[in-house]
Participant: 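Quick one: this structure, given as structure tokens, is what I'll be asking you about.
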Amino acid sequence: MPQIRPFRALRYDFAARQGDVSAVIAPPYDVLDQADKDALLARDGHNIVAIDLPHIPPKTEGPQQVYLDAQFTLDTWAAQGVLVREQQPALYLYHQTFEHAGQPVTRRQLIAAMRLHEFDEGIVLPHEQTFGGPKADRLALTKETRCNLSPIFGLYTDPENAVASAVAAIAASPPDATAMLEGVKNEVWVITDADILARIGEILAPKKAFIADGHHRYTTALNYRSHLREMHGGLPDDHPANYVMTVLVSMDDPGCVIQGYCRVLVGDDISLAALRAAWADGVALADAGDADMALFDGASREEQTVRFTQRDVLASLATDRHP
């Protein structure tokens with residue numbers, strides 16, 4: 001595992017909101033559109049989307065002014081006390097409770113600053129390639145705000161549940177903040193106890209980190225570090241830009257529920273027949289038990305399962321991928 005260290009978060013004033021920050025949290029920025037942003041801001045003008053989603057769609061870089069405006073909003077909220085700086089470095093225990101298969105499930109996580117490593121070092125392990133537009137958008141925002149506004153989502157192995165045991169007493173106490181969003185209960189505890197922080201560091205040290213989500217944000221952090229190194233002729237080893245805010249969850253945690261995902265293709269000429277023709281060199285029809293993907297046509301209600309047979313051919317078709 002890369003070095004994990006506590007950090008002094010710039011966060012909402014929990015006390016001023018009686019510990020309930022439901023109105024100011026938001027889903028991940030990259031799943032939101034303008035209507036979503038407007039609805040969140042109508043609920044509370046201090047919702048984080050005012051800063052974290054300055055340009056729509058976030059898959060492309062916007063004009064510089066939108067990022068300057070985000071930086072101005074961030075600084076204004078900090079000056080007004082809407083956002084406060086943690087008094088001492090901390091890790092943050094983060095629980096999300098939701099319903100799965102008719103039963104309540106809690107995913108137990110830690111929010112930490114994780115040291116950056118290039119992917120070829122084999123310490124932080126990705127599973128996706130990234131696109132240029134989203135990285136340009138996030139880099140422009142990071143340059144102006146000088147903040148990690150959205151965390152990386154990382155996985156590690158912990159079959160003994162050692163991390164959960166180390167923070168069990170904290171998890172049994174009332175959380176410092178709670179929030180409800182889209183049926184999910186979010187709870188946060190601020191951890192500053194030096195012994196607990198040291199114990200967590202010991203447990204995580206020998207493990208690898210797998211990026212489950214946030215490849216563009218992680219790569220943006222690498223690019224921002226390179227930008228500062230070029231600007232200043234290098235960076236001190238303990239400089240904050242050598243780290244990225246990360247949510248870490250054990251793959252062995254009962255709440256680490258992993259399901260399939262869906263992608264929606266929109267267009268008048270999109271059909272199963274068109275997809276099969278376009279993918280003919282790399283895809284074969286398959287029975288459900290042998291399939292890699294299920295295709296569903298919402299207009300015709302037709303469904304087809306397929307298997308990828310030539311992944312190198314499929315890779316050559318994705319011409320807009322970037323390292």
Side-chain angles (χ1 to χ4, degrees), residues 1-9 11 28 86 88-101 103-128 148 150-179 184-215 217-219 221-222 242-261:
M1 174 75 71
Q3 180 188 358
I4 297 299
R5 75 175 189 181
F7 65 105
R8 294 180 60 210
R11 58 168 175 80
E86 202 71 69
Q88 54 183 311
L91 295 180
Y92 299 83
L93 179 62
Y94 178 33
H95 284 188
Q96 289 181 295
T97 300
F98 52 95
E99 185 175 295
H100 174 66
Q103 298 294 324
V105 175
T106 297
R107 186 167 65 192
R108 300 172 294 181
Q109 303 152 109
L110 282 172
I111 306 175
M114 183 176 76
R115 181 174 283 277
L116 291 167
H117 289 272
E118 298 288 346
F119 290 137
D120 60 10
E121 296 179 54
I123 297 174
V124 176
L125 304 176
H127 70 271
E128 292 181 1
N148 292 156
S150 299
I152 310 305
F153 185 27
L155 301 173
Y156 63 94
T157 59
D158 187 11
E160 298 83 14
N161 287 314
V163 171
S165 297
V167 299
I170 293 173
S173 65
D176 293 294
T178 62
V184 178
K185 181 181 180 181
N186 299 267
E187 299 173 289
V188 172
W189 293 259
V190 182
I191 306 175
T192 56
D193 183 284
D195 291 337
I196 296 177
L197 295 178
R199 176 58 182 150
I200 292 172
E202 291 172 1
I203 295 169
L204 293 178
K207 302 180 182 296
K208 290 187 180 293
F210 301 83
I211 299 180
D213 188 44
H215 291 76
R217 280 161 276 169
Y218 188 89
T219 308
L222 292 173
N242 288 316
Y243 295 81
V244 64
M245 182 170 63
T246 305
V247 172
L248 292 165
V249 61
S250 166
M251 288 184 275
D252 302 288
D253 186 88
C256 187
V257 177
I258 300 175
Q259 297 177 284
Y261 62 91

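Every heavy atom of this structure was used, including side-chain atoms; hydrogens, water molecules and symmetry mates were not.
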Participant: CG/Leu116 to OG1/Thr246 distance, rounded to the nearest 0.5 angstrom?
Facilitator: 8.0 Å
Participant: Do Met245 and Tyr92 make a side-chain contact, defined as non-hydrogen atoms from C-beta onward lying under 4.5 Å apart?
Facilitator: no
Participant: Apply side chain to side chain contact (heavy atoms under 4.5 Å, CB included) to the pair Ile4 and Leu110, showing each step before the final yes or no.
Facilitator: CA-CA 10 Å; Ile4 297 299; Leu110 282 172; over 6 Å; no
Participant: Kindly indicate whether the side chain of Tyr94, heavy atoms from C-beta on, has any atom under 4.5 Å from the side chain of Val249.
Facilitator: no
Participant: Taking the side chain as C-beta and beyond, is there a heavy-atom pair between Val167 and Leu91 under 4.5 Å?
Facilitator: no
Participant: Using a 4.5 Å cut-off on heavy atoms from C-beta on, say whether the side chain of Ser250 contacts that of Val163.
Facilitator: no
Participant: Might you point out which heavy atoms bring His117 and Glu121 nearest each other, and give the distance in Å?
Facilitator: ND1-OE1, 2.9 Å
Participant: Is the shortest side-chain heavy-atom distance between Tyr156 and Ile203 below 4.5 Å?
Facilitator: no
Participant: Quick check: do Asp158 and Glu160 have side-chain heavy atoms less than 4.5 Å from each other?
Facilitator: yes
Participant: Which pair of non-hydrogen atoms, one from His127 and one from His215, has the smallest distance, and what is that distance?
Facilitator: N-NE2, 3.0 Å
Participant: How close do Pro159 and Asp252 get, counting heavy atoms only, and between which atoms?
Facilitator: N-OD2, 3.1 Å
Participant: Just how far is it from atom OG1 of Thr157 to atom CG of Leu204, taken to the nearest 0.5 Å?
Facilitator: 10.0 Å
Participant: Over all heavy atoms of both residues, which pair between Ala166 and Ile196 is shortest? Give the atoms and the distance, please.
Facilitator: O-CG2, 3.9 Å
Participant: Let me confirm one number: the CZ-CD1 distance from Arg115 to Ile123, rounded to the nearest 0.5 Å.
Facilitator: 10.0 Å
Participant: Determine the minimum heavy-atom distance between Asp253 and Thr106, stating which atoms define it.
Facilitator: OD2-O, 3.5 Å
Participant: Please report the interatomic distance CZ(Arg217) to CG(Asn148), rounded to the nearest 0.5 Å.
Facilitator: 10.5 Å
Participant: Is it the case that the side chains of Arg107 and Gln109 hold a donor-acceptor pair, with the cut-off being a distance below 3.5 Å and no angle test?
Facilitator: yes
Participant: Using side-chain heavy atoms (C-beta onward) and a distance below 4.5 Å, is Ile191 in contact with Leu197?
Facilitator: yes
Participant: As an exercise, state the distance from OG1 of Thr178 to CG of Asn186, rounded to the nearest 0.5 Å.
Facilitator: 9.0 Å
Participant: What distance separates Trp189 CH2 from Ile170 CD1, expressed to the nearest 0.5 Å?
Facilitator: 9.5 Å
Participant: Could you report the tightest heavy-atom contact between Lys208 and Gly122, atom names first, then the distance?
Facilitator: NZ-O, 2.8 Å
Participant: Taking C-beta and beyond as the side chain, do Pro89 and Arg8 meet within less than 4.5 Å on heavy atoms?
Facilitator: yes
